[in-house]
Amino acid sequence: MSPPEPCPPPPPRPPDPCPPDPCPPEPCPPRKESAAVQQPVDSSTGTTTDPDADDTIDLHLPEELVAAFTAPEPPDPPEPSDFIGPSSPSGPSSPSSPSRPAGGPALLDGPDLLDGLAGWGPVGTDAGPFQLVPVRLERDLRLLVGWMNDPAVAAFWELAGPAETTAAHVRAQLDGDGRSVPCLGVLAGTPMSYWEVYRADLDPVARYYPARPHDTGLHLLIGAVAQRGRGLGTALLRAVADHVLDHRPSCARVVAEPDLRNTPSVAAFLGAGFRFAAELELPDKRAALMIRDRSLCDVL
């Protein structure tokens, strides 16, 4: 037998397609810290790994400018509060009027609760032009004190005494939020009565009858003795009630709560187109609830 042929040698290996570079590139020197944004860097090559990145420029910003961008934002200012405080007891001598800081706004950027009563102007009556003029204590206090110390008035208003008694009663409304406005009634240029026009729906009296939004109440006294007992109160009540309805479109009713014992007052309201709605047991009196409805003005 012949010996077996030896195995042929293996074919030579093909050369590597990418021979190693005998001189690898030196790494880039480290960059200085700057205000520019630093891009991600490959640690082996020292080049950025972001293909869309541009070269950055070292910027040295002034410390004042850097501080302006890094300073914390100031806190938001506090929300303004409505200066609402405790109410006074309801009644003909104590209209409700939440307090506010002396000299401050009635309601900070808030509504006029009686639709600008001070600017309503005069209304015509058979006795002459009549106007409600908001009280100013420095001008009107002496006149009001004289009226409040009249026994016929003091019996129902209960404000007889020193000037400070009347001043405190009026000041509580002037320093309030505008829901009760004390006024002089000026007839043909002469002050002759005192009025309080108030939001009955915002007053404690609303707890004692089925109040409706924007019900407007009236308190009245005829100060000048010569003006009493001749029907003038009736004429003024009708004129003022209709004046309220004309200038307060959201108000559907004018209300009053005279003392039941004050029969001349109750009669004056009836003669002025108010209707007797109910008897009310209020904390300081037993009252007649009198209502003048907008819908009945042409009837009563």
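In this text, all values refer to a predicted model and were calculated from it rather than measured experimentally. Both backbone and side-chain heavy atoms feed into the values below; hydrogens, waters and symmetry mates do not. For this chain, numbers begin at 1 and follow the sequence in order.
- Of the possible donor and acceptor atoms, one in the side chain of D150 sits under 3.5 Å from a partner among the backbone N and O of A152.
- No side-chain N or O of E196 forms a donor-acceptor pair with one of S180 less than 3.5 Å apart.
- Annotation for Y209 and A200: closest pair OH-CB, 3.6 Å, computed over non-hydrogen atoms.
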* Evaluate side-chain contact (heavy atoms from CB on, under 4.5 Å) for H219 paired with W157, printing each intermediate quantity in order. => CA-CA 10 Å; H219 295 147; W157 283 76; 3.8 Å; yes
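- Evaluated for a side chain to side chain contact (heavy atoms under 4.5 Å, CB included) with T216, the options L113, D201, L117, V197 yield exactly one hit, V197.
- Taking CG from D246 and SG from C251, the interatomic distance works out to 11.0 Å, rounded to the nearest 0.5 Å.
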* To do: Test side-chain contact (heavy atoms from CB on, under 4.5 Å) on M192 and F130 and set out the steps.
  => CA-CA 10 Å; M192 45 73 63; F130 180 80; 4.1 Å; yes
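- Closest non-hydrogen pair, A224 versus W147, comes out as N-NE1, 4.1 Å.
- Across all non-hydrogen atoms, the minimal contact from D242 to C297 is OD1-SG, 3.9 Å.
- With a 4.5 Å cut-off on side-chain heavy atoms, T166 and Y194 do not count as touching.
- For the atom pair L260 CG and L289 CG, the distance stands at 10.5 Å (nearest 0.5 Å).
- For residues 261-274, the side chain to side chain donor-acceptor pair (under 3.5 Å) pairs, not counting sequence neighbours, are D259-R261.
- A donor-acceptor pair under 3.5 Å is formed between the side chain of D140 and the backbone N or O of R136.
- Annotation: ring pair (Phe, Tyr, Trp, His ring centres under 6.0 Å) contacts involving residues 227-266, sequence neighbours excluded, comprise W120-H243, W120-H247, H243-H247.
- The cluster map of Ile, Leu, Val, Met, Phe, Trp and Tyr, joined by side-chain heavy atoms under 4.5 Å apart, puts L159 and L174 in the same cluster.
- The salt bridge (Lys or Arg N to Asp or Glu O under 4.0 Å) check on R230 picks up nothing, with sequence neighbours excluded.
- Heavy-atom minimum distance, L237 versus A272: CB-CB, 3.7 Å.
- Pairing each heavy atom of P191 with each of L184, the nearest pair is CB-CD1, 4.1 Å.
- Here the side chain of R292 pairs a donor or acceptor atom with the backbone of L300 at under 3.5 angstrom.
- A287 and E257 get closest at one heavy-atom pair: CB-O, 3.6 Å.
- The distance from atom CZ of R199 to atom NE2 of H214, rounded to the nearest 0.5 Å, is 5.0 Å.
- Each of L221, V181, L220 was compared with W195 under the side chain to side chain contact (heavy atoms under 4.5 Å, CB included) criterion, and only L220 meets it.
- Within 6.0 Å of atom CZ in R212, 12 or fewer heavy atoms from other residues, nucleotides or ligands are found, so the atom counts as exposed in its surroundings.
- Counting non-hydrogen atoms of other residues, nucleotides and ligands closer than 6.0 Å to CZ of R139 gives a total above 12.
- Considering CD1 of I222 and CG of L187, their distance stands at 9.0 Å, rounded to 0.5 Å.
- L144 and L132 are assigned to two separate hydrophobic clusters, defined by single-linkage of ILVMFWY side chains at heavy-atom distances under 4.5 Å.
- In terms of modelled atom types and a separation under 3.5 Å, the side chain of R238 and the main chain of G271 share a donor-acceptor contact.
- With hydrogens and angles disregarded, no donor-acceptor distance shorter than 3.5 Å links the side chain of T125 to the backbone of V123.
- By the rule that hydrophobic residues join a cluster once side-chain heavy atoms approach within less than 4.5 Å of another member, M290 and V255 end up as members of separate clusters.
- Separation of atoms CZ (R253) and CG (D293) is listed at 6.5 Å; rounding is to 0.5 Å.
- A distance of 10.0 Å separates CG in D126 from CG in L232, rounded to the nearest 0.5 Å.
- One N or O on the side chain of R228 and one on the backbone of G223 form a donor-acceptor pair closer than 3.5 Å.
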* Asked: Could you go step by step and tell me if H169 and E158 meet the side-chain contact (heavy atoms from CB on, under 4.5 Å) rule?
  -> CA-CA 11 Å; H169 172 81; E158 300 178 354; over 6 Å; no
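- Cluster annotation: Y208 and V254 are assigned to distinct hydrophobic clusters (Ile/Leu/Val/Met/Phe/Trp/Tyr, side-chain heavy-atom contacts under 4.5 Å, transitive).
- With hydrogens and angles disregarded, no donor-acceptor distance shorter than 3.5 Å links the side chain of R179 to the backbone of D203.
- Following chains of ILVMFWY side-chain contacts shorter than 4.5 Å, one cannot reach V266 starting from F156, and the two form parts of different hydrophobic clusters.
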